Undergrad: 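So that we are looking at the same thing, I have put the structure below in structure tokens.
For ligands, and for the atoms within them, numbers begin at 1 and follow the listed sequence. Since the model is a prediction, treat every value here as computed from it, not as a measurement.
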Amino acid sequence: MPKPKLHVSHISMGARCGEQLRRFLAGERIPPGIAAIVGTANHKADEQDMTAKLKGEPLTELGASNELVATVTNSLWGEGVFLSEDERQTPEPKLRGLAVERAVRLNTVRRNVLVPQINPKAVARKCVLEVEGFEYDLAGEIDLEEQDDSINDLKTKAKAPPKDEADKSIQLTMYTLFKFYIDKVMPPKVKLNVLVDSQLKTPGKVNTHALTLSSTRSPEELEAMLLRVANFMECLKKGVFMPTNPDNWWCSRRFCGYAPTCPYVRGIKTFGWAGDQKAVD
Ligand code: SF4
């Protein structure tokens with residue numbers, strides 16, 4: 001009988017806040033925020049471009065690529081978007097238009113700066129890793145592998161990330177685990193390709209640019225990650241889901257869709273025992 005799958009996104013969410021993960025696994029899905037929608041739209045366009053490069057086909061025109069990004073942003077928005085209280089002060093059609101403009105700005109930089117630099121070997125590769133003794137298989141999707149087996153992950157952000165973000169990324173370590181155990185290859189580099197669109201002090205002015213944060217992973221770091229995953233599985237089995245430290249920036253109404261009803265930050269508004277949660281396939 002196949003084991004249930006534990007996705008990299010579950011491990012990342014659980015590391016961020018156990019309570020978020022508990023509610024997510026219980027089926028309480030919060031629609032994506034604007035940043036996530038803009039990021040997904042850029043991922044779609046990147047997947048299209050990198051697949052074309054992989055096949056040796058010409059890229060679509062920039063205009064067509066931007067059109068794709070605008071369409072995906074609008075379509076995802078139509079399926080439901082989580083807006084913070086601040087964002088709800090702006091009329092929704094205006095917010096939606098701003099999101100489309102932002103997605104297109106980021107896509108233009110992605111096309112002009114990142115795409116010419118990257119020679120893909122595999123795009124959006126789905127991986128499943130069976131680890132002996134683990135109750136779950138590990139699953140995830142590597143955005144992109146380069147010809148030299150380096151792993152790339154694309155991010156979109158509203159401000160430049162800390163310089164050590166690639167050094168500490170759980171996602172990049174998990175993707176390295178997949179490469180190491182499935183392909184028997186240690187990637188020479190792990191990279192975050194980051195598209196940044198930040199507001200400047202002058203109203204209406206933005207700075208949109210791309211940067212790449214590069215790092216490596218060692219066998220010791222992979223061992224540490226396996227230990228972390230084993231610990232995570234044990235917590236899942238026992239129904240232990242620790243809420244995050246309320247000092248963390250993401251533990252707020254602005255960044256956490258569960259905050260308005262979270263018993264750990266506002267008193268008990270909703271409550272459910274976690275002991276019967278199952279991993280999601
Ligand atoms: S409000 Fe804070 S503790 Fe509650 S689910 Fe969100 S991040 Fe976790």
Undergrad: Which hydrophobic side chains are connected to Val185, either touching it within the sub-4.5 Å cutoff or through other members that do?
TA: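 Hydrophobic cluster check, Val185: no partners found.
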Undergrad: If the condition is ring-ring contact (aromatic ring centres under 6.0 Å, His included), which residues does Phe134 pass it with, not counting sequence neighbours?
TA: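 ring-ring contact (aromatic ring centres under 6.0 Å, His included) list for Phe134, sorted by chain: empty.
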Undergrad: Looking only at heavy atoms, what is the nearest atom pair of Ser252 and Trp249, with distance?
TA: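 That would be OG-O, 3.1 Å.
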Undergrad: Nearest 0.5 Å, please: how far is CD in Glu47 from CG in Leu54?
TA: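 Rounded to the nearest 0.5 Å, the CG-CD separation comes to 11.0 Å.
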Undergrad: Less than 3.5 Å apart, any donor N or O on the side chain of Thr156 or Asn42 sitting next to an acceptor on the other?
TA: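 No.
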Undergrad: Suppose the cut-off is 2.8 Å; how many protein N/O/S atoms fall inside it around atom 8 (Fe) of ligand 1?
TA: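 Under the 2.8 Å cut-off, the count stands at 1.
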Undergrad: According to the side-chain hydrogen bond (donor to acceptor under 3.5 Å, both in side chains) rule, which pairs have a member within residues 91-100, sequence neighbours left out?
TA: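 Matches after skipping sequence neighbours: Asn74-Arg96, Trp77-Glu92.
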